[in-house]
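Here's the structure, in structure tokens; my notes come after.
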There are 2 protein chains.
Amino acid sequence: MTATAPRTPTKAQLLELVAALGTAQWQDFAAAAARHGLTSVQAKLLSQLKGPVPMRGLATLLVCDASNVTGIVDRLEARGLVRREPDPADRRVKNVVATDEGHETIRRVRAEMQATHSALDTLDEEERTTLYGLLERLRPGLEHRG
Amino acid sequence: MTATAPRTPTKAQLLELVAALGTAQWQDFAAAAARHGLTSVQAKLLSQLKGPVPMRGLATLLVCDASNVTGIVDRLEARGLVRREPDPADRRVKNVVATDEGHETIRRVRAEMQATHSALDTLDEEERTTLYGLLERLRPGLEHRG
DNA sequence: TATTGTTATACTCTATAACTATA
DNA sequence: TATAGTTATAGAGTATAACAATA
């Protein structure tokens, strides 16, 4: 048995590796956010704002109680990174939108995830394509709310 | 161009996918921990205790200030999941070890990461081997402290 | 009645700074 | 003097419960 024939990992081994990389990736994101004075949750909220999203929708996306979103958006709004807008169709709803500065800030956070970037840079184009395909297969199962 | 020829993803696409799965995996871990009355950080600390680890070492592993570890270990110890032991060689050091109940609890948390398990179950043996190999390549870069 | 967003409360995590006991 | 662990403090995230405005 030479080094060129990788053995099948056990489920436990694969789970541990996935967990370790998930954690490392999350810490990399948190560190990049911190350099911009953002907590990881604030940055995560900002990264969800490709368009207007109701407060309640943000709670669902962040997997937390709706009452928490008030404070998180308050702090982002005080810094001028997001805005609350009334919903034209339902006066109970407030839609949150990122300001230009908000979009620019989260763009920089993503660009500064050094550990994640340098890790992906170790793969060649074919490996990246393979990895992307496999991760896309995992996505539906992993994001399903059980 | 048919469906059988995957195109090369951009770096941004791959980064977004990795970030989304990292987050989903972390939320799955947090949800499993919560079912056992543990916060995600408490569970993460517990998962590091394969052997005795000094308080200071836990701070490094959790990427947080040493002062935080006191409270986290306090709460785990109050529940009987970990113990503090004096270090034979250095009387300043306290080593933290998981109790039998602590080991059993973190084992169950891992087993109950339903979203992660069901995601990995969608891959066949060959795909899992390929994924494992690629993720092992990513590990050094991702866990490097920049 | 049900839903949206908010407030009040209590607990946990977090970094900073200062302390103690060892080395 | 340097290091390990702790304490005190303040800011932020978290769930629960209750509330006003709107549907």
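Just so it is clear: chains get the letters A, B, ... in the order the sequence lines come, proteins before strands, and each one is counted from 1.
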Under 3.5 Å, side chain of [X] to main-chain N/O of [Y], donor-acceptor pair present?
X     : Y     : result
B:R75 : B:L38 : no
B:T99 : B:G80 : yes
A:D65 : A:N68 : no

Nearest whole Å is fine: how far is [N] [atom2] from [X] [atom1]?
X     : N      : atom1 : atom2 : result
A:W26 : C:dT14 : CH2   : P     : 12 Å
A:D65 : C:dG5  : CG    : P     : 12 Å
B:R91 : D:dT6  : CZ    : C1'   : 17 Å
B:M55 : C:dT22 : CE    : P     : 16 Å
B:K44 : C:dC13 : NZ    : C1'   : 16 Å
A:L76 : D:dA12 : CG    : P     : 11 Å
A:Q27 : C:dT14 : CD    : C1'   : 14 Å
B:D87 : C:dT22 : CG    : P     : 14 Å

Can you tell me which nucleotide in [options] comes closest to the side chain of [X]?
X     : options               : value
B:Q42 : C:dC13, D:dT14, D:dG5 : C:dC13
B:N68 : C:dA23, D:dT6, C:dT14 : C:dT14
A:I72 : C:dA15, C:dG5, D:dG13 : D:dG13
A:R56 : C:dA23, D:dT22, C:dG5 : C:dG5

**OP:** State the CG-SG distance between A:L58 and A:C64, to the nearest 0.5 angstrom.
**Re:** 8.5 Å

**OP:** Just call it for B:D90: base, sugar-phosphate, or nothing, with non-hydrogen atoms closer than 4.0 Å on any strand.
**Re:** sugar-phosphate

Subject >> Whichever of B:R84 and A:R75 has its nearest DNA chain D nucleotide further upstream toward 5' >> reply: B:R84

Original post:
Of A:A89 and B:A66, whose nearest nucleotide on DNA chain D comes first from the 5' end?
Top reply: B:A66

Check: [N] base within 3.5 Å donor-acceptor of [X] side chain:
X     : N      : answer
B:R92 : D:dT3  : yes
B:S67 : C:dT16 : yes
A:T39 : C:dT14 : no

Original post:
Going by atom types only, do B:H36 and B:E112 share a side-chain donor-acceptor pair under 3.5 Å?
Top reply: yes

